[in-house]
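All chains are named by letter (A, B, ...) in the order of the sequence lines, taking the proteins before the strands, and each is independently numbered beginning at 1. Side-chain atoms are counted along with the backbone in the values below, which use heavy atoms only and exclude waters and symmetry mates.
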Amino acid sequence: MSVNQQAHAGPPYGQPQPGYQGYQQPAYGGQPLPGVPQSQYGAYNGPMPGYQQPVPPQGYFPSLGFPSKGSPVSLNSDTSSLAPNFIGSLRAPPTSGAPPPASGASLPSGHLAYSQFGHGDVQNGIPASAAPMQRPPASQPFLPGSAPTPVSQTSTFQQYGPPPASVQQLSNHMAGMTIGNTAASAPPPAGLGYGSPTSVPPVSGSFSATGSGLYTPYTASQGPPPTSVSQGLPLAQSPFPGQPVSAQRPPAQVPGFAPPPSSTGIGPSSYPPTTGAPRPPTMPGPPLPGQTVAGPPTSQPNHISSPPPPSAMSGPHPGPPMSGLHGPLPPTHPPQPGYQMQQNGSFGQVRGPQPNYGGAYPGTPNYGSQPGPPPPPKRLDPDSIPSPIQVIEDDRSNRGSEPFVTGVRGQVPPLVTTNFLVKDQGNASPRYIRCTSYNIPCTSDMAKQSQVPLAAVIKPLATLPPEETLPYLVDHGESGPVRCNRCKAYMCPFMQFIEGGRRFQCCFCSCVTEVPPHYFQHLDHTGKRVDFYDRPELSLGSYEFLATVDYCKNNKFPSPPAFIFMIDVSYNAVKSGLVRLICEELKSLLDYLPREGNMEESAIRVGFVTYNKVLHFYNVKSSLAQPQMMVVSDVADMFVPLLDGFLVNVNESRTVIASLLDQIPEMFADTRETETVFAPVIQAGLEALKEAECAGKLFIFHTSLPIAEAPGKLKNRDDKKLINTDKEKTLFQPQTSFYNNLAKDCVAQGCCVDLFLFPNQYLDVATLGVVPYQTGGSIYKYAYFQLETDQDRFLNDLRRDVQKEVGFDAVMRVRTSTGIRATDFFGAFYMSNTTDVEMAGLDCDKTITVEFKHDDKLSEDTGALLQCALLYTSCAGQRRLRIHNLSLNCCTQLADLYRNCETDTLINYLAKYAYRGVLSSPVKTVRDALINQCAQILACYRKNCASPSSAGQLILPECMKLLPVYLNCVLKSDVLQPGPEVTTDDRAYVRQLVTSMDVAETNVFFYPRLLPLTKADVDSDSLPAAIRNSEERLSKGDIYLLENGLNIFVWVGVNVQQGLIQSLFGVSSFSQISNSLSTLPVLENPFSKKVRSMIDMLQVQRSRYMKLIIVKQEDKLEMLFKHFLVEDKSLSGGASYVDFLCHMHKEIRQLLS
Amino acid sequence: MATYLEFIQQNEERDGVRFSWNVWPSSRLEATRMVVPLACLLTPLKERLDLPPVQYEPVLCSRPTCKAVLNPLCQVDYRAKLWACNFCFQRNQFPPAYAGISEVNQPAELMPQFSTIEYIVQRGPQMPLIFLYVVDTCLEEEDLQALKESLQMSLSLLPADALVGLITFGRMVQVHELSCEGISKSYVFRGTKDLTAKQIQDMLGLSRPAVPIQQGRPLQTPEQPVISSRFLQPVHKIDMNLTDLLGELQRDPWPLRSTGVALSIAVGLLEGTFPNTGARIMLFTGGPPTQGPGMVVGDELKTPIRSWHDIEKDNARFMKKATKHYETLANRTAANGHCIDIYACALDQTGLLEMKCCANLTGGHMVMGDSFNTSLFKQTFQRVFSKGFNGEFRMAFGANLDVKTSRELKIAGAIGPCISLNAKGPCVSENELGIGGTSQWKICSLDPSTTLAIYFEVVNQHNAPIPQGGRGAVQFVTQYQHSSTQKRIRVTTIARNWADAQSQLQHIEAAFDQEAAAVLMARLGVYRAESEEGPDVLRWLDRQLIRLCQKFGQYNKDDPNSFRLSESFSLYPQFMFHLRRSPFLQVFNNSPDESSYYRHHFARQDLTQSLIMIQPILYAYSFHGPPEPVLLDSSSILPDRILLMDTFFQIVIYLGETIAQWQKAGYQDMPEYENFKHLLQAPLDDAQEILQTRFPMPRYIHTEHGGSQARFLLSKVNPSQTHNNLYAWGQESGAPILTDDVSLQVFMDHLKKLAVSSAS
């Protein structure tokens, strides 16, 4: 978005632009060169190289920091904060007097960091601010439309991008490409920036100080900014309007920012000195830069203020700055507004700028030059790069307050991390469907060019918050739901009634269908049916139809489903107390089987099986005094020994079941049987359901590799030596195709399998998981299960799994309007053809990701429609259709696409895509492909949407500025880059888990939430502000909580106050804390209560009960914990965020060159 | 003749043996000319009130190929303490225990009255008897309930230390574990899949673990005998448990019957756990096997079970496979010394035809009834556990019958509930009659009435005549497990005189036992009928009869009227006449199952019962005198008579027309006609007497003139009056039979004609 805006801005800057463009181009030229050097640097260095060349590449080499610096460039694009700094320095000074402050406050650290990297970079970044320039143009047009704030951060980055460009331009113009540039921008800023940056990092607090420092350099540059500013101003005017919008949210911050302005003021001053000095010397460009800078700076500041501050500090700040900026810095603002606008969705308008974008990229050259400066190898300031925390916070504050109304086509919903209400006005709630982009390229060429995958993440049975209404159930009578004659799409709000309501035209295939007489209704003067508001299928995005018998298997209404509990009673299971635990739990759990809303008791019948290497079925018929056990030893040819009495109603057979559950642990108490079978267990369940002619779910509790002689027998094939070889994929593939065939049978019967694993060693999750996976079931794994520590987790999972809403025997089809087609599906299901997703069971947590491809052109006018129809059997045995409709916009401009993307969804798709890829390709290939695709996405943006900027500058679309950090998390996840301690089973487990995750889950899974507990306000319900996942962010004196959806870590610093330890753990000193705790002790003090309630709250949010692990700083377990600090370099070789950003940048530059 | 009759009776009572010829033709050629083979009916365990078993081991001939038991026919040298084997002439030392032997101090086995003697030997561990119930649950509720009750009741009849097991089947087969407390446990098998004994044992967890589970762990407690008998527990321990279990048996919801697999599992279970121990597998089935190996008919009701017609047309598509399945099972069972009883109660056929070998080869019972809820079944079943005069169960197990002959004789074969042990030896003939090629047979289960037919062959050549006064000898050695679990050996040694057929034909003729001969020939005929076409067997029987008549009749050539038979042969043709009409050879009007059932019993009952089966006996009750046996002839059916017919399988009480009218008029309730009441009661009492003792209990039919059930009587009597000759015979009396069958008179006329014909 912002980028686009920037680009747009560019045009407005037009004046400058021309120059820029000119420059940029040259800059590009320069970039390529840098590119060569890059190779020297190595992947990450890549970006650096460019820089190095200009300067002393070698110097860069030595320090990764440089690369990072290179990345810093990227930072520009990424973090608004950086941008701000840059901006501040470059442009801000003048315009941003206000902004800088803002940035100063929030971003200071960022700025610092940036400055460090590059001052040169920064400068570059600033140049990037060229973006601002772009923005201005964009913003101008856009400004009105969109609220700047949200985007602002990115925009700032973008801006940075541009600025660099400008810088580059400058440099280029100025003198010899590199030297001039480098010398000028790099050296000075670098020196200054770095020094200050490091110190600065402190962030906002320190910012002012550091910021000032930084700023000063910037200010120097500011000098030039003014020029830009001026430019900006003109542009800004229009932008301003936009800003106001942004301002709305930020307001609070604004005040804070206000001060910054002062800083900005300072900044400017400072700038002049540092940067000013260097730059000017380097280039005559100064003026230009100044212009650009100015533009950028202002914009940056704005952006910064708005974006960075928001992120770092808070939404408000940015706002204020913005506003402040706007007021003061109209020129700068323009860009921002533009960005913001884009963010808001007005982007589409921005298109104009695009041309400019082209120019923006050139900015990179500046980097090259700047890198030069970096020579003083130093690290890229992590604060200067896009911060997920910031983005999340911004979105939360910007969009969390008002309900999301789905009436408008192609609206990008708030982030998954934001709490918001949804009002269904014709499109499905984002809780049901989220798309990677809400604006679809009209042609496949565009789509290919952008490389942005078009995918929807669908969670058809998602649980809604109590405030939102469940889909209404519509009964169209005996003839069934009204559907299009040709494509069979179901009646939905987009169907067009014509001929006075006698017919309707299908919104998917345009076929005209007669309205059945019983469904006829007159139209009002607007062409709407009179009963529009009475019929959910005409007015809502999501609703359900009651299916007729035609929709049932064998043309018979289904029987209520059954749950079969199948318990491993081999030695291990008995010895660990598992069997007893399960039996005890089932006694009460059976009263909570899912039931249809108003029913008094669940219609679900239950059955019980225990097994080791033979199976034991139980007759629990209500008329029996005692349960009867039936042993089936013929595991080679499984069958169900009884029908009557196996599946029973819980209430009727209560006493018999209770007696059975009492006796099972006793009966097997002395078992010596260690071998187990597995496939026959599933077969048994399947057969039972077949006999009973119903769908259902098997809950299998299993402990070991099934080595007993039976079908589906497995051997231990775990071999870690295969990692990083071409054969690594075999670790993810099932050992035998037997389970695939079994899964197919299960699906045909509607037999869903949920698997609870309790392994003490390798048990081949990859193979055992095949059936659960393909039947839409879940796998739960409790390695080294111990009653004391794991029982809560297991029981909670079990309870939730048993109680949660689930549909059976489900078939899902996604229909789309002409032009696109669902081509690929990811998730836990089985497909017997290319269109129908079949799931034996589908619960409220299961998500299916669907990818779309073009098969024709789309039109901007009509947009694109999705209709996801899920036919399923409810837990009471009612056959239903759940329909979700979603309308999307279509665009002919890439900028629109980039402005309406959703990175979280994108990551969800990419992760699933990659995780499936490992089944067939070497992991390395998959990783490379991922990186490559993302690089292409970003490169395309840079090339087509961003305003001209130095090649050395990394420019990220506002909507995708977190793409690199998240992508890096995916790349270094256990599946794609396993550490030595990660078992093969863990990888297979995670692989399958991720495949069914929704966006919220993947988001937190890949980028865990890290909360400083000691900062929690014990008096409120709210969570403390999250911090970024890096060890640097941890203070020895604090306690932190980290959660990723599977685990919760409580990290205790060595210097934590004894009082805190006492109140949380009930022990008097750090050393006395036991790290074997699985729960926190219940202590009656506010802190303990607060922490425990926080944990409870988190547990509720996740579909699985997370394992609580206490980690003491400098303890052995800390290694494990550090694995989740995903912004850091990982032990297994995963890149740090900064390094990866540099690498991405290099890749992009390579693509662009 | 009286002497011979007495002799025969005496011998039968003492030794349980009846020979067709009691004086033996001395050469092979002559023997073949006698038409009726030299053969005997042996009842190995004939109840002997006066036979206390001796408590020591028999003394055996030391020649390895002989091993005959010391018997009264042996020559003993008391001084040298030697005895000469009368079969092989080997001279043997008496064992040390016999040191005190002398002419006045003889061991029992040397005394003539102990030609049959029983030894109790103390060898090997004594294993308790085993009863394994294999119960069909695919029954009507009412039937199942009745069956459950019978089974529960039977628990009290079993020996207290007997082991009992339970297998139930329907669509699945369940082997119930009886040892567990609380929850009842069973192992379930698919009813469609045949399993090897090894698989069954593995699946039941009966196989010994090959390797100790872990090395470090102390070896498991020594061989738990419990493990092998988890499914077979002493009655006294688990009778409560089992009673409950039986009570809770549910009807099988799937109308499929896996009898084949159920039996297979029962066999496999015992095979693995208690080989060569007396064990009864008792199969209770309420219908034909409808699935899996051994299925006899498909489960679709529209397909009826095979009939004789289908079999002739080769339309019985399951029959061969099923028969093969059950034969394999029967042979395995027999090899293990176990037996299979079949209690089949259903209105339609239950597949006895296919399953018959299970009972036939193992000595098991076969009971056929209409429903488990009938007294026929209930009492029959109860009678399985009846006890003899000495309080012992009338059942024995795992018998091994060894027949030894003197040199002039060889053994041609045996017919009865036994299988060959393939013991070749010098006394085994190459010509087989019945189950031949061996001198030893295994009878897995037998009771005091179990009777085998054993056929011999005289091998002495015509030119090497037997010295005058020489005697041929046969020794039957039956080792068996007594119901008290003792191991016993019963030894019967008999001898008969040789006679030269040319010079002494009248001796031989006089010593002919026509009853035994009829039964022996009938057994041969029935045995053949099992494998040959019915008409062929009849022709063979006819030819034999004609030849016999030619040989022993007195007639002038081509003058039928001159034909006479001596008294010892006089009844024989009549037996043959009825035999030809019996269900053993005629399949008309009988289902394949019924035929199998009748033949089964015919092949194991003793002579008296067999004769009843061949020629039912008919008693008449009237005011004209005491009850009297009357001819089995339609002329015996008179209006003022009550008839009581015993066909062994049925007891029919038939009220003549007048009697029936009287009864309807209620005269029996009037005090002045008390004699009528008594008359009505008399046959009932007599029938009751028969019903009390017979096994299996006969079908009891009370009918009257014109009643539909009267057909049982009408089909048996000699149709001397039919619709064809009714008037020719005048108004003599009796009831015309609507049949085209020839009457005895016609039969005899033909016989005479053929016998005297010089053409044949």
Practice item. Indicate yes or no: at least one non-hydrogen side-chain atom of R251(B) is less than 4.5 angstrom from one of D644(A). Key: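 The answer is no, as the side chains (C-beta and beyond) never meet within the 4.5 Å cut-off.
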**Study point:** Within-4.5 Å side-chain heavy-atom neighbours: K621(A) and Q250(B)
**Key:**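 In contact.
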Point to revise | M630(A) side, atom CE; H176(B) side, atom NE2 - distance, nearest 0.5 Å | key: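 Here the interatomic distance stands at 7.0 Å.
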Review point. If you measure from CG on D634(A) to CG on D202(B), what distance do you get to the nearest 0.5 Å?
Key: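 Answer for the CG-CG pair, D634(A) versus D202(B), is 11.0 Å.
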Exercise for review: Quick one: closest heavy-atom pair of S633(A) and L204(B), and the distance?
Suggested key: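 Closest pair (atom of S633(A), atom of L204(B), distance): OG-N, 4.4 Å.
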Exercise for review: Search all heavy atoms of S184(B) against all heavy atoms of Q628(A) and return the closest pair with its distance.
Suggested key: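 So the minimum-distance heavy-atom pair works out to OG-CG, 3.1 Å.
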Answer with side chain, backbone, both or neither: which region of [X] has an atom nearer than 4.5 Å to a non-hydrogen atom of chain B?
X: F617(A); result: neither
X: Q663(A); result: side chain
X: M667(A); result: side chain
X: L642(A); result: backbone

Atom [atom1] of [X] with >12 non-hydrogen neighbours under 6.0 angstrom:
X: K237(B); atom1: NZ; value: no
X: E693(A); atom1: CD; value: no
X: K690(A); atom1: NZ; value: yes
X: E140(B); atom1: CD; value: no

Exercise for review: Could you tell me which portion of Q174(B) (side chain, backbone, both or neither) has an atom closer than 4.5 angstrom to a non-hydrogen atom of chain A?
Suggested key: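 Only the side chain of Q174(B) comes within 4.5 Å of chain A.
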Exercise for review: Determine the option with the most heavy-atom pairs under 4.5 angstrom with chain B, choosing from S659(A), A625(A), S623(A), P641(A).
Suggested key: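 Highest number of pairs under 4.5 Å: P641(A).
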Check your understanding: Does the S186(B) side chain pair with the main chain of M629(A), one donor and one acceptor, at a distance under 3.5 Å?
Key ->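 Answer holds: yes.
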Review point. So T192(B) and F639(A), side chain to side chain contact (heavy atoms under 4.5 Å, CB included) or not? Walk me through it.
Key: CA-CA 11 Å; T192(B) 51; F639(A) 62 97; over 6 Å; no
Practice item. Salt-bridge test for R171(B) and E691(A): reply yes if a basic N is under 4.0 Å from a carboxylate O, no otherwise. Key: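 Salt bridge present between R171(B) and E691(A).
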Check your understanding: Would D637(A) and K193(B) pass as an ion pair if we require N to O under 4.0 Å?
Key ->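 A salt bridge links D637(A) with K193(B).
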Point to revise | Evaluation steps, side chain to side chain contact (heavy atoms under 4.5 Å, CB included), between M203(B) and V614(A) | key: CA-CA 8 Å; M203(B) 289 179 184; V614(A) 300; over 6 Å; no
